[in-house]
Trainee: 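Here it is, the structure in full.
When reading the values below, keep in mind they use all heavy atoms of this one structure, side chains included, and skip hydrogens, waters and symmetry mates. Each chain gets a letter, A, B and so on, in the order the sequences are listed, and its residues count up from 1.
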Number of protein chains: 2
Amino acid sequence: MFSKACEYGLKAMISIATKSEKGQRTNLKEISKDINSPEQFTAKILQQLSRNKLIHSVQGAHGGFEIQKENLGKIKLIDIVKTIDGDKLFVGCGLGLNECDASKPCPIHHRFIGIRENLTKVLSETSLEKMSHDVNGGLAFLNR
Amino acid sequence: MFSKACEYGLKAMISIATKSEKGQRTNLKEISKDINSPEQFTAKILQQLSRNKLIHSVQGAHGGFEIQKENLGKIKLIDIVKTIDGDKLFVGCGLGLNECDASKPCPIHHRFIGIRENLTKVLSETSLEKMSHDVNGGLAFLNR
DNA sequence: CTTTAATCGGATAATTTTATCCGAGTTATA
DNA sequence: TATAACTCGGATAAAATTATCCGATTAAAG
Ligand code: FES
Ligand code: FES
């Protein structure tokens, strides 16, 4: 479904959000421990998220990563997925035809688009804020 | 969503089905032309499908691939996907936790399982027969 | 029996994805 | 101003996926 990079990216964003929600800043070491991911690979993904303004990075001692509190409700999971994996999952053909086109559909098209739209809807509606609330409330986990 | 190998596998199966439905046997060259896929890579996937008894292969001149007519309605898309990509898509955690476990769920779990079940349902209900009817009837396409 | 048209399957190559290394830059603090 | 704790980013390595090569085998047909 998602690439490994995207899975790490989603978990990292949620991890950062759980701290930002409490006004705390976190850093690479803490994040990758939190989500059980390879540190340097995670660093690359955080850079990418930072360049795309989804997170704010602070260099130097006591630096790290944070998300503006007012953005916690605005950033949706789909923003993260699109930043890392692009939008192929949301607009591409499930069988890999050059493009998904209802006027010349692949055999699974009509059955597939419902699923795709549902996925798009769920990821578009789910904010980081909800995710981090669930984790901070002990209802969900980033590591197991 | 699916790997390239799996996309080719699904399309190849449907291509074979369109011929088998008409009592014809097809072969590698024809299939990969039909679905616009690299010949030798497609050969590997067909071997895998053959070893798993989803298709029947015939060696020698005038050989090729075919699907028993009585199987066209029995083989479902999910059988093909599981053969090539395994069942991770259907049972694995969307965020890549070691396993998907509702008692210690990842943050997207409750939103994700609905989509996953829908996908499982659709692929479990869709037979090769339906797919090949659509293609033979000009309602769907394997190549564009 | 020979030729021809196929699949089989092991080996290799190319590409993409995942992961690591390390030197340079940045900033708080002693 | 020196040191320690960070991120940045380019280079490289490892692993997985995708793709190709080619000799062996099989079987139909002349
Ligand atoms: S054409 Fe294949 S999913 Fe739309
Ligand atoms: S635990 Fe992640 S999808 Fe179920």
Trainee: Specify the separation, in whole Å, of atom CZ of B:Phe41 and atom P of C:dT15.
Mentor: 15 Å

Trainee: Within less than 4.0 Å of OP1 or OP2 of D:dT18, is there a side-chain N or O belonging to B:Tyr8?
Mentor: no

Trainee: If you group Ile, Leu, Val, Met, Phe, Trp and Tyr by side-chain heavy-atom gaps below 4.5 Å, do B:Phe2 and B:Phe41 land in one group?
Mentor: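 Looking at the clustering, B:Phe41 is in the same group as B:Phe2.
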
Trainee: I need the CD1-C1' distance between A:Ile55 and D:dC6, as an integer number of Å.
Mentor: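 Rounding to the nearest Å, CD1 of A:Ile55 and C1' of D:dC6 are 14 Å apart.
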
Trainee: Can you see whether A:Ser3 engages A:Asp85 through a side-chain donor-acceptor pair at a distance of less than 3.5 angstrom?
Mentor: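 Judged by distance alone, the side chains do pair up.
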
Trainee: Which nucleotide sits closest to the side chain of A:Ala61: C:dT18, C:dT4, C:dA28?
Mentor: C:dA28

Trainee: Look at all strands and tell whether A:Leu28 reaches a base, only sugar-phosphate, or nothing, counting heavy atoms closer than 4.0 Å.
Mentor: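 The answer is sugar-phosphate, as A:Leu28 gets under 4.0 Å only of primed atoms, P, OP1 or OP2.
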
Trainee: Starting at atom CG of B:Asn27, determine the distance to atom P of D:dT26, rounded to an integer number of angstrom.
Mentor: 20 Å

Trainee: Nearest to the side chain of B:Ala5, which nucleotide is it out of C:dT27, C:dC21, D:dT18?
Mentor: D:dT18

Trainee: For B:Ser57 and for B:His62, locate the closest nucleotide of DNA chain C by heavy-atom distance; then report the residue assigned to the nucleotide nearer the 5' terminus.
Mentor: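 The residue mapped nearer the 5' terminus is B:His62.
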
Trainee: Quick check for you: among C:dG9, D:dT18, C:dT27, whose closest atom lies nearest to any side-chain atom of B:Gln47?
Mentor: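 So the nucleotide nearest the side chain must be C:dG9.
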
Trainee: Quick one: label B:Ala43 by what it contacts on the DNA or RNA (base, sugar-phosphate, nothing), any heavy atom closer than 4.0 Å.
Mentor: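 Result for B:Ala43 = nothing.
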
Trainee: Which comes earlier along DNA chain C counting from the 5' end, the contact point of A:Thr42 or that of A:Gln59, where each point is its nearest nucleotide?
Mentor: A:Thr42

Trainee: Whole angstroms only, please: what is the CD1-P distance between B:Ile45 and D:dT17?
Mentor: 13 Å

Trainee: Is A:Lys33 atom NZ crowded by more than 12 heavy atoms from other residues, nucleotides or ligands, each under 6.0 Å away?
Mentor: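 It does not: A:Lys33 NZ has 12 such atoms or fewer within range.
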
Trainee: Picking from D:dC8, C:dC8, C:dA19, which would you name as closest to the side chain of A:Pro38?
Mentor: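 Minimum distance to the A:Pro38 side chain belongs to C:dA19.
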
Trainee: Nearest whole Å is fine: how far is D:dT18 P from B:Gln48 CD?
Mentor: 11 Å

Trainee: Whole angstroms only, please: what is the NZ-C1' distance between A:Lys44 and D:dT12?
Mentor: 11 Å

Trainee: Tell me: CD of B:Glu39 to P of C:dA6, nearest whole Å?
Mentor: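 Value for this atom pair: 10 Å.
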
Trainee: Map A:Gly63 and A:Arg51 onto DNA chain D by nearest heavy atom, then report which one ends up closer to the 5' terminus.
Mentor: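 In this pair, the answer is A:Gly63.
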
Trainee: Quiz question: by atom type and distance under 3.5 Å, do the side chains of B:Ser32 and B:Thr42 form a donor-acceptor pair?
Mentor: no

Trainee: Contact class for B:Lys29 (heavy atom, under 4.0 Å): base, sugar-phosphate, or nothing?
Mentor: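 Answer is nothing: B:Lys29 stays at 4.0 Å or more from every strand.
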
Trainee: Test salt bridge (charged side-chain N to carboxylate O under 4.0 Å, His left out) on A:Glu30 and A:Lys19; report intermediate values, then the result.
Mentor: CA-CA 11 Å; A:Glu30 200 175 20; A:Lys19 307 296 163 59; 3.7 Å; yes

Trainee: Find the distance B:Glu7:CD to D:dA19:C1' and express it as a whole number of Å.
Mentor: 15 Å

